[in-house]
Amino acid sequence: MQTDLESGTAPPARAMSAISVRSVTKRFGAVTAVNDVSLDVMAGEFFALLGPSGSGKTTMLRMIAGFELPTSGTILLDGADVTKRPPFERDVNTVFQDYALFPHMTVAKNIEYGLRVKKVAKAERARRVTEALATVRLAEYGDRRPHQLSGGQRQRVALARALVNRPRVLLLDEPLGALDLKLREEMQVELKTIQREVGITFLFVTHDQSEALSMSDRIAVFNGGRIEQVATPGELYEQPATEFVAGFVGTSNLLRGDDAANLLGERATFAIRPERMRLLRPDDVAAPDEIAVDAVIGGVQYLGHATRVRLTTASGAALAVDLPNDGRGHAARSGAPGTSVRIAFGRDHALRLADPNAAHPTVSSPSGREP
Amino acid sequence: MYLSRPARWCLRIWCALVLVVLYAPIVYVARLSVNTAKNFAWPPSGFTLTWWQRAYHEPGPRLALLHSAQTGLWAAGIALVLGTLAAFALTRHSFFGRTPISLAVVLPIALPGIVTAIALLSAFQRLGIDLSLETLVVAHATFCVVIVYNNVAARLRRLAPSLEEASADLGGDPFQTFRFVTFPMMRSALLAGGLLAFALSFDEIIVTTFTAAPSYKTLPLWFADNFSRPNAIPVVNVVATFVVLASTIPVYLAQRISDGAATFSAETRG
């Protein structure tokens, strides 16, 4: 029922789904890697499976590719049941985490492989390989061996080798994990551009929330083998449905129990982003729609674009407030550790989170939307 | 690593000494094969190719060489098939009794040759099988299988499983995956294993003594027969020298192949 948390932008028609996962469970011995997951990915979407390691996202991808058989549930590609089909009978291609380029073949032979085993005519093969090499800007590299390429180039060969087959869906298993930060940011932009050009559905596995936020149309957040929330990057950040999402995607201050009851008038768990809180100067007063609370500064962290002030309230709640380093000197005035300050935040910015103890199907979406 | 000057010189001398101890006897035999005197006397007394001519015209050594080659090829061939199958089964699949079976496959190489020899001989006699080329090949295959198995299993363990998955993912059926991906990646391990197995069979003497037909003389048996006959000593020297020279070819090839294998695995990991 996790799809109940889907955003309003998701087209509801199942017929349009490139991938449809229905109540899929995967157990390895006593371990349940994927627990009753349902998911629909629309044709042409750039969709991310985001979660920490061991959350089941890679297992989910491997079941869609056909490398693992679900313990129960069904997987449909373009409406056709492929649950029990072997990988070579599925119209999906994978970009592996270690790229898995064939070391005994040249770059061109690697890219040609899928067409060769499918017995595509030789001239057609040559044409499409040239085209694929051009798409990933490696036109001059066809005769090289994989070990003669840099990490970023291998990544692009792996992408070309998959795309040359024009699959319905491209699966990417942490494809940027092995690259250094700068190259990674370049490849993020490039992947997104290529996806727009070819118009193929991309299903992208990552543990990096900023990567998922910056590239995806929609994101499914995995935790403990289940999906916590499916939403657009903006919704995920602005309206996290659960405590896990609020903490995993960006940073959140959590107010619960008595604190929540005292400040917000409801005994529930609320998340407030650090950048939505402000420090009140001595002559400042909170606006009518704001909630103010006294706290003591515990520490100050410089983050580059912002300065994070860590505070503790009188009741012991730990809070973080991000002050933008926008050149107006807010951050410089935050004060030394031990200083008593007053902080304020808009009532609207406190997001009520789902009760983690409630049974999963009864979780109400934060937007109040029911199916 | 930093080494002081004296330490470096000590190591150089030590290294030279080891090489001398290893190769001096071979050089000695080679020199004697073209010596005018018939005995093992040193210093050599002159130069002649008489013994090489005599060895060339004698049927004994040539037949022995042929027999050894024949046995080695059969044994290595059988080992390649069985060893490869065993390696696939034991590294790719988990099943009840996998550990004892893998031990049973590897054990023959560790057993003393004399135990294997006597066990096989009594088994052949009990079953009423006459000693022949077949019995000899079976006996040699018992330890040749281990060599091939070890080589192939090591390669399979290093082969990234994602390569075969990638092949399947790109549309390759299991047969195509084996033909285009798995086999080419294993080829050098098979060659190296086969060469080693052949070499092992080629100079085996203990098991051969017990399991070959009496009239079937392999090269080591021929050496053993002729070594103590003063008249045959020069010819023994010639044949020994010839075998040393001939064996450098497969050794050289095996080394080149395993060099290739090393880069191969580096590529796989990279």
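Values below: all heavy atoms of this structure, side chains included; hydrogens, waters and symmetry mates excluded. Below, chains carry the letters A, B, ... as their sequence lines are ordered, and counting in each starts from 1.
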Note to self: Please classify the contact of A:R62 with chain B as side chain, backbone, both or neither, using a heavy-atom distance under 4.5 Å.
What the structure shows: side chain
Notebook entry, point to check: Is a salt bridge present between A:E89 and A:K84, judged by a nitrogen-to-oxygen distance below 4.0 Å?
Noted result: no
Checklist line | Check: A:R90 side chain, A:R85 main-chain N or O, donor-acceptor pair, under 3.5 Å | finding: yes
Next item on the list: Using non-hydrogen atoms and a 4.5 Å limit, figure out which bit of A:K109 sits close to chain B: side chain, backbone, both or neither.
Entry: neither
Check: Do the charged groups of A:E112 and A:R128 touch, with an N to O distance under 4.0 Å?
Finding: no
Item checked: A:R116 to B:F180, cation-pi by 6.0 Å centre distance and 45° axis angle -> yes
Checklist line | Interchain contact, A:F102 with chain B, by part (heavy-atom threshold 4.5 Å) | finding: both
Checklist line | Structural part of A:N165 lying under 4.5 Å from a heavy atom of chain B | finding: side chain
